[in-house]
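As the structure is a prediction and not an experimental result, all values here were calculated from the model. Ligands are counted one by one from 1 in listed order, and the atoms in each one are counted from 1 as well.
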Amino acid sequence: MKKVTVSSLLKKKQAGEKITSLTAYDASFAKMFDEQGIDAMLIGDSLGMVLQGQDDTLPVTVDDIAYHTRSVRSGTSRAFVLADMPFMSYATPEQTYTNAAILMAAGASMVKLEGGSWLCETISGLNQRGVPVCGHLGLTPQSVHVFGGFKVQGREASQAEHLLAEAQALEEAGIQLLVLECVPSSLGKAISEALTIPVIGIGAGKDTDGQILVMHDMFGISANYMPKFSKNYLKETGDMREAVSQYISEVQDGTFPSAEHSFE
Ligand code: KIV
């Protein structure tokens, strides 16, 4: 099986094929997701909530992400592996380079940063040093206290325009992938159409170039609640492998996310 790369993800977008993605935190699940044919796995700082039981992602450290990245990498043969840079680990370009090096050495093939155009210098510096970057816009969970809660972003026309401009600025700075979280479907579509690079949605409607879910939400086993944009595939199928396989098929054929799992 051919390894998934940034180039093959881009080709999928160009061919109109949907990209499938899940978070993963350990070797056993990574191996199973890989065998089922997932395109990309993210070692998300969501691990603070789903593995550590924290209220948000802020307490997660670079060492936490590096530990889980090593585990996921060792279970992965084919899928593309990217790792989150946690809260305040990329506050300055120099600090970002040091921390990105730790995550790349742990087995990531790309790092993900939350935020807009204030990151442009950092993104281009990472690229120059050989580190591919994924952006993250919309509901960026590390800014939960700025937003005053986990809220849908970009509902006002001015906010939507701002997010589109930020996405374009990030692409120009050199990101090769963008995660877009919790925005109205119309904005998910507009941003995906405006960018050349693939846009992976989570609560961003059906028209993004791919989808990602937190694996615990997809299995319906998250401790606290089930987000509107997620779906319990384990309940539907009764089997973990079947659940992943059905998630992949429904993303590929455009059945997921339906209006029920999207925002207006
Ligand atoms: O941390 C995470 O799992 C994420 C996804 C929600 C995209 O950033």
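- The distance from ligand 1 to the heavy atoms of Gly44 drops below 4.0 Å at these ligand atoms: 1 (O), 2 (C), 3 (O).
- With hydrogens and angles left out, the side-chain atoms of Thr76 and Asp34 include no donor and acceptor closer than 3.5 Å.
- Residue contact check: Thr23 has heavy atoms under 4.0 Å from atoms 3 (O) of ligand 1.
- Contacts with ligand 1 closer than 4.0 Å are made by no heavy atom of Thr57, backbone or side chain.
- Side-chain polar atoms of Asp64 and Gln52 form a donor-acceptor pair below 3.5 angstrom.
- Judged purely by distance below 3.5 Å, without hydrogens or angles, the side chains of Lys112 and His136 pair a donor atom with an acceptor atom.
- Ligand 1 has no N or O atom lying under 3.5 Å from any N or O atom of Tyr25, backbone or side chain.
- Looking only at atom types and distance, the side chain of Gln36 has no donor-acceptor partner in the side chain of Tyr247 under 3.5 Å away.
- Between the side chains of Asp207 and Ser192, no donor-acceptor pair is found at a separation under 3.5 Å.
- Near Leu42, meaning under 4.0 Å from one of its heavy atoms, ligand 1 places the atoms 2 (C), 3 (O), 4 (C), 5 (C), 7 (C), 8 (O).
- Atom 2 (C) of ligand 1 has its closest protein heavy atom at Ser46 OG, 3.3 Å.
- Remark: ligand 1 atoms within the under-4.0 Å shell around heavy atoms of Ile202 are 6 (C).
- By the 3.5 Å distance cut-off applied to N or O atoms, Lys112 is counted among the residues near ligand 1.
- For the residue pair Thr69/Tyr67, the side-chain donor-acceptor check at 3.5 Å is not satisfied.
- Side chains of Asp26 and Ser28: no donor on one and acceptor on the other come within 3.5 Å.
- Heavy atoms of His136 come nearer than 4.0 angstrom to ligand 1 in at least one pair.
- Numbered from 1 in the order shown, with element, the atoms of ligand 1 that lie under 4.0 Å from a heavy atom of Asp84 read 1 (O), 2 (C), 8 (O).
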